[in-house]
Amino acid sequence: MRKLLLLLAILVLISWSAAAQTFTKHAKTYQVGPNPNAIVAADLNEDGIPDFVTANTGQLNDPRQERPANDELSLLLSSVPLEYVVQPPLKTDFGPYALAIANVDGKQAPDIVAASFLAVYNRDITLFRNVGPSLFESASFTVPDDTLPYNRMLDGDNEPVFTKPGITSIILPDINKDGFRDIVATAWSSDALVYIPGQDTTWFGKPQFTLAASGPRDVAAADFDNDKNLDLAVALYTSGEVGLWKGNATGVFEPITRFSSRGKLPTTIRLADINGDGKTDIVVSHCHTDDSIVIFYGDGAFSFSVSQEILLGGQRNVLEHEIRDLVVQDLNGDGRTDIAAACYGSKDVILLLNSSSGTSVPQSFSRETYTFDSGRPRALCAADFNKDGAIDVAAALWETNAVSILLGTPKPKPEQPPAVKTPAPTKKPPR
């Protein structure tokens with residue numbers, strides 16, 4: 001049942017300081033395929049250094065064309081910090097759009113899962129099992145669309161501009177708590193959520209669907225009501241809402257509520273404890289009409305009655321930045337949760353570093369902007385890429401089709417007091 005939420009709207013007008021930058025732009029960039037729409041980092045070759053995978057969407061064209069989009073992932077492996085060797089591309093269906101990395105097959109190394117938005121051949125999901133050094137075995141999975149509607153744009157011939165189901169995001173939680181990773185994805189073209197249970201031999205089983213009207217664009221999972229089961233938060237693109245679904249650990253999700261995302265066309269949703277009160281908060285960004293990031297603070301039992309809006313641009317009705325992706329985690333090692341935004345329109349990566357000292361709302365943020373002279377940030381991920389103990393941020397860039405890294409600043413080690421030498425005991429002369 002849809003509930004009405006009383007939102008205490010807090011608009012934070014942050015005074016951006018010109019303080020020293022926390023990150024340094026690495027001089028070297030790394031080439032990937034055309035139009036990387038997603039990027040993930042993980043140690044794929046078990047050498048202790050994060051590697052890169054990008055989903056190279058290419059240009060989305062008419063699905064009736066012989067090649068309507070790109071159909072490859074880029075894989076960059078490293079054995080030395082900040083040095084990457086480009087591997088042969090990993091083949092998917094057309095328009096690889098979203099990525100997730102987890103140990104799917106129960107082996108030691110993490111595996112790669114890619115979702116294709118323009119899956120002309122119905123290979124909606126591709127699993128790349130990590131079977132050895134630089135070796136990946138692929139398997140494709142179909143999301144049956146014969147019973148699914150098509151609810152998006154039509155062309156001049158009244159034909160669908162995209163394909164069904166049109167997956168735009170994918171995560172790999174263990175929903176049913178059986179020890180196997182499951183798939184949860186947003187079927188944007190068909191207004192549905194897709195749940196595919198993990199299995200021990202075929203890796204993924206039969207898809208189940210949950211109705212999610214209004215263009216589900218991005219999904220995240222957490223336990224919102226402390227019943228030990230994972231629930232879902234979804235960015236509903238066309239209605240400008242956040243939708244919450246309650247899980248029962250079987251892949252069935254009950255709609256609980258929807259509330260305004262406080263902006264138009266929400267595209268990205270992330271979950272984290274922003275104010276450090278031990279409760280999960282929701283962070284949503286909007287893309288095509290305004291430059292706002294909104295934090296909805298959780299207070300238990302699916303309640304998010306207090307929200308905080310951060311405007312990256314100077315005017316609400318003027319699109320300056322075009323936020324395409326978010327990373328929400330502690331980026332500077334101070335124990336507070338920060339936000340990084342990939343801004344395609346302004347060519348910026350904007351960091352909102354949490355400078356608050358307590359749990360009270362609104363939280364305070366300082367802003368740092370990193371501008372790219374060439375290339376437009378489209379997707380972000382974060383890890384310690386140079387193994388210096390500080391978190392770094394990687395941006396996948398359109399136009400240059402490259403990955404650029406912002407290197408974090410390691411915290412100085414505390415000085416150790418000089419060792420005090422104990423004088424050797426003086427021998428007493430014999431009597």
(request) Please assess T186 against T168 for the test side-chain hydrogen bond (donor to acceptor under 3.5 Å, both in side chains), listing each intermediate value before the final yes or no. (result) CA-CA 6 Å; T186 52; T168 54; 2.9 Å; yes
Between [X] and [Y] (side chain of the first, backbone of the second, donor and acceptor by atom type, cut-off under 3.5 Å), is there such a pair?
X    : Y    : value
N386 : L82  : no
D93  : Y121 : yes
N35  : N56  : no
N70  : G33  : no
T267 : H286 : no
D338 : L331 : yes
Q31  : N401 : yes
D325 : A379 : no
S116 : L118 : no
S356 : S364 : yes

Do [X] and [Y] have side chains that get closer than 4.5 Å, going by heavy atoms?
X    : Y    : answer
V53  : I39  : no
S404 : F372 : yes
L44  : N130 : yes
L127 : V104 : yes
R258 : S214 : yes
V242 : V234 : no
I175 : F253 : yes
L326 : I293 : yes

Point-to-point distance, once rounded to the nearest 0.5 Å, from [atom1] of [X] to [atom2] of [Y]:
X    : Y    : atom1 : atom2 : value
D231 : F224 : CG    : CZ    : 6.5 Å
R123 : T142 : CZ    : OG1   : 8.5 Å
Q315 : D291 : CD    : CG    : 11.0 Å
N229 : N248 : CG    : CG    : 7.0 Å
I170 : I196 : CD1   : CD1   : 7.0 Å
D334 : N354 : CG    : CG    : 7.0 Å

(request) Would you sort out whether Q308 and Q363 count as a side-chain hydrogen bond (donor to acceptor under 3.5 Å, both in side chains), showing the intermediate values? (result) CA-CA 8 Å; Q308 172 181 348; Q363 293 280 281; over 6 Å; no
Centroid separation [X] to [Y] less than 6.0 Å:
X    : Y    : result
F128 : F136 : no
F259 : F296 : yes
F304 : Y297 : no

(message) Parallel, tilted or perpendicular: which one describes the rings of F117 and Y97, with boundaries at 30° and 60°?
(response)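 The rings of F117 and Y97 sit tilted, inter-plane angle from 30° to 60°.
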(request) Determine the interplanar angle of the F52 and Y84 rings, folded into 0 to 90°, and report it as parallel if under 30°, tilted if 30 to 60°, perpendicular if over 60°. (result)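 Correct class here is tilted.
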Verify the distance criterion only: is there a donor paired with an acceptor across the side chains of [X] and [Y] at less than 3.5 Å?
X    : Y    : result
S355 : S366 : no
T371 : D348 : yes
T409 : T22  : no

Is the shortest side-chain N to carboxylate O distance from [X] to [Y] below 4.0 Å?
X    : Y    : result
K164 : D146 : no
R64  : D155 : yes
R152 : D191 : yes
K91  : D71  : yes
E83  : K28  : yes
E241 : R262 : no
R129 : D105 : yes
K246 : D225 : yes

(message) Quick check on side-chain contact (heavy atoms from CB on, under 4.5 Å): which of L406, V349, L351, L352 does E368 satisfy it with?
(response)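 Looking at L406, V349, L351, L352, the match for E368 under the side-chain contact (heavy atoms from CB on, under 4.5 Å) is L351.
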Looking only at heavy atoms, what is the nearest atom pair of [X] and [Y], with distance?
X    : Y    : answer
D373 : K347 : O-NZ, 3.2 Å
E309 : S292 : OE2-CB, 3.4 Å
S78  : P81  : OG-N, 4.2 Å
I269 : A235 : CD1-N, 4.1 Å
R181 : N103 : CG-O, 3.6 Å
D218 : R270 : OD2-NH1, 3.0 Å

(message) Between I167 and V143, does the side-chain contact (heavy atoms from CB on, under 4.5 Å) criterion hold? Intermediate values first, please.
(response) CA-CA 10 Å; I167 295 177; V143 177; 4.2 Å; yes
(request) Assess whether side-chain contact (heavy atoms from CB on, under 4.5 Å) is satisfied between L99 and L73, documenting all intermediate values. (result) CA-CA 10 Å; L99 292 172; L73 311 181; 4.0 Å; yes
(request) Begin with the C-alpha distance, continue with both residues' side-chain angles, and end with the deciding distance and a verdict on side-chain contact (heavy atoms from CB on, under 4.5 Å) for I295 and F365. (result) CA-CA 12 Å; I295 305 168; F365 296 87; 3.9 Å; yes
(request) Apply side-chain contact (heavy atoms from CB on, under 4.5 Å) to the pair R324 and C343, showing each step before the final yes or no. (result) CA-CA 6 Å; R324 288 289 188 163; C343 300; over 6 Å; no
(message) How about NZ on K177, more than 12 heavy atoms from neighbouring residues, nucleotides or ligands closer than 6.0 Å, or not?
(response)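 Atom NZ in K177 is packed in, count exceeds 12.
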(request) With R376 as the cation and W398 as the aromatic partner, state whether NZ or CZ is under 6.0 Å from the six-membered ring centre and within 45° of the axis. (result)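 So R376 doesn't make the cation-pi contact.
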